[in-house]
Amino acid sequence: MPTTRINFIDELQWRGLFYQASDEPGVRDHLASGTRRAYAGFDPTADSLTIGNLVPIMMLRRFQEAGHRPVVVMGGGTGLIGDPSGKEKERDLRTVEEVQGNVDAQRPIFESILDFDGPNAAMIVNNYEWLGDLKFIEVLRDVGKHFSVNQMIQKESVRERLTNREQGISFTEFCYVILQAYDFMWLRRHHDVTIQLGGSDQWGNMVSGMDLIRRLEPESRNESWVVTNPLVTKADGGKFGKTETGAVWLTADRTSPYAFFQFWLNAADADVIRFLKFFTLLPQERIAELESIHESEPHRREAHRELARAATMLVHGADAAETAEAAGKALFSGEVSRLDRATLEEVFAEVPSSNHAKAELGSGLSLVEFLVETSLAKSKRESREFLGNGAVTVNERKVGPDDTLSSEDLLHGDLMLIRRGKKSWHVCRWG
RNA sequence: GGGCGUGUACCGAAGUGGACAAACGGGUCAGACUGUAAAUCUGAUGGCAUAGCCUUCACAGGUUCGAAUCCUGUCGCGCCCA
């Protein structure tokens, strides 16, 4: 147990991460009186997780920092059904193999952010372990009896779909809440998990779990709480976590540490302090300090840098964060063509790249066409537009629609750096 | 089962025989200004061999010199009746 034990609920509150708790005084007492276990569930809908999932992961991490034991529940079972919350449409069912594969692929993410050693080690469980063996008759008799259909159809996520004639809701998804409730009950019973953490949109599913525990567990063991965090929003009203190229993922195969770092660095001023509180472990004093620096000297972008550094370090590790930052510095210094080969090589690993045959350069290669090849432009029309706008540079030299590439544009004999707009880089290697 | 209505680009929404690759708004992308920010202004937003050509207005046919627009059928959706 850490010597300076932070108070979990206080911590969430000053960070703006506390939305609602089923019984705040109760959960405070509970946490103060021992080492507790809390869980958060994750849906294996893909083979990676996005920064949207980073909030609950960080909730677990903070819980751990507060001296308790976090439990990650991977939805190997619930993922086979699909949570209707926030979904307009019925989901396509995934195969057991697919879901298992996703569970396995997501596991390392948790392993890098949470601590799995020591007295308050984190643990990971897969709810397929207990949901997979359930028998229909038993569930209907032992669990189903405690759910009122009248209440279930009142749930926001269900009601929406019930009144929507175009979509409707299947019995399968309608029953999702029962499985999530069962998870909580099972974890209470077998792992002494007393708290469920989640986003405010999960409130309904979470309290259903508390209800079930109250009904199925003897009085001595029926204490349970739920704590929710607010959903992350952006100051400009846009959807959090989206970029020009799509979602921001937590694994390097889908979003490079460089792109990840850049995402945070480009956060809006109005969001940066909030994000520091949400997505980093920096202490209150440090964040207050950054806030005042940010207010007096916004152009230095200290808060942004620190946010990007801290978040990237958490997800990708210190080395990757350093490389990502260095790559960004190199690219935005405006002196790329003067960088030495070793630095360039490092930068290359971080940004999108492609290989080409040197022979293509021969008598001059049309940039209009080449831009499409590098996927910096979607079509030649767009390519011409970018070039016409003066949005494209080759090794930091501005080029136009009539320009061509030749072997004179190669750095160190075989490399070329193309930029579209302010931030989209592409590296070409010519062999 | 019957009646009426409706289906347009990423989204919303005009257009009801030619000047329509299709108004307008949002979104998105780019340029300028900045701080790799926001706001603002400007431009772009089906594709290409770009003074031009090709493919689009749910789908399949038809009328016409000419169709997003008219007709027929199919499908989806909405409302009303049974």
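Since the model is a prediction, treat every value here as computed from it, not as a measurement. Here is how names work: the chains are called A, B, and so on, in the same order as the sequence lines, proteins then strands, and each is numbered from 1. These numbers come from the heavy atoms of this one structure, side chains and all, not from hydrogens, waters or symmetry mates.
- The aromatic ring centroids of A/Phe42 and A/Phe110 lie less than 6.0 Å from each other.
- In the set B/G47, B/U36, B/A49, the nucleotide with an atom closest to the side chain of A/Arg384 is B/A49.
- The interatomic distance linking A/Phe275 (CZ) with B/A38 (P) rounds to 12 Å, in whole Å.
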| Step by step, would you call A/Arg300 with A/Glu297 a salt bridge (Lys or Arg N to Asp or Glu O under 4.0 Å)? | CA-CA 6 Å; A/Arg300 279 177 58 196; A/Glu297 301 170 279; 2.8 Å; yes

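- Taking atom P on both B/A49 and B/U45, the two are 16 Å apart, rounded to the nearest angstrom.
- Base pairing of B/A58: its partner is B/U74, meeting the Watson-Crick or G-U wobble criterion (both donor-acceptor distances under 3.5 Å).
- Taking atom P in both B/C4 and B/U74, the straight-line distance is 14 Å, to the nearest Å.
- A donor-acceptor contact closer than 3.5 angstrom links the side chains of A/Glu24 and A/Gln13.
- Across the protein-nucleic acid pair, A/Glu306 atom CD and B/A37 atom C1' stand 18 Å apart, rounded to whole Å.
- Checked against a 6.0 Å centroid threshold, the rings of A/Phe8 and A/His68 do not count as neighbours.
- Applying the Watson-Crick and G-U wobble criteria (two distances, each under 3.5 Å), B/G17 pairs with nothing in any strand.
- Straight-line distance between the C1' atoms of B/U34 and B/A39: roughly 11 Å, to the nearest whole Å.
- Regarding A/Leu307, its CG atom lies at a distance of 14 Å from the C1' atom of B/U36, rounded to whole Å.
- Distance noted for atom P between B/A51 and B/U56: 23 Å (whole Å).
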| message | Each nucleotide in nucleotides 29-35 of chain B should get exactly one letter: B, S or -. Can you fill that in based on protein heavy atoms under 4.0 Å? | response | SSSSBBB

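- When both distances must be under 3.5 Å, the Watson-Crick or G-U wobble mate of B/A30 is B/U42.
- Across the P atoms, B/A58 and B/G15 are found 15 Å apart, a figure rounded to whole Å.
- One can place NZ of A/Lys239 at 16 Å from C1' of B/C11, the figure rounded to the nearest angstrom.
- Ring geometry for A/Phe275 versus A/Phe278: interplanar angle of 30 to 60°, hence tilted.
- The shortest distance between the side-chain N/O atoms of A/Ser379 and the OP1/OP2 oxygens of B/G46 is not below 4.0 Å.
- Following rounding to the nearest Å, A/Arg381 (CZ) and B/A44 (P) show an atom-to-atom distance of 10 Å.
- Nucleotides B/G5 and B/A9 have their P atoms positioned 23 Å apart, rounded to a whole Å.
- Put simply, NZ on A/Lys378 is 18 Å from P on B/A9, counting in whole angstrom units.
- Within the shown strands, B/G47 is the pairing partner of B/C53 under the Watson-Crick or G-U definition, both distances less than 3.5 Å.
- A distance of about 13 Å separates the P atoms of B/C59 and B/C10, rounded to the whole Å.
- Aromatic ring pairs are classed by plane angle as parallel below 30°, tilted from 30° to 60° and perpendicular above 60°; the pair A/Trp264 and A/Phe240 is tilted.
- One can place CH2 of A/Trp264 at 17 Å from P of B/A37, the figure rounded to the nearest angstrom.
- Considering only the side chain of A/Lys380, B/A49 comes nearest among B/U36, B/A49, B/G47.
- Looking only at atom types and distance, the side chain of A/Ser354 has a donor-acceptor partner in the side chain of A/His426 under 3.5 Å away.
- Spacing between atom CG of A/Leu265 and atom P of B/A38 amounts to 12 Å, rounded to whole angstrom units.
- A distance of about 10 Å separates the C1' atoms of B/C48 and B/U55, rounded to the whole Å.
- Scanning all heavy atoms of the two residues, the minimum distance from A/Asn126 to A/Met74 falls at OD1-O, 3.3 Å.
- For B/A23, there is no paired base (Watson-Crick or G-U wobble, both distances below 3.5 Å).
- Aromatic rings of A/Tyr176 and A/Phe147 (six-membered ring for Trp) have centroids beyond the 6.0 Å cut-off, not under it.
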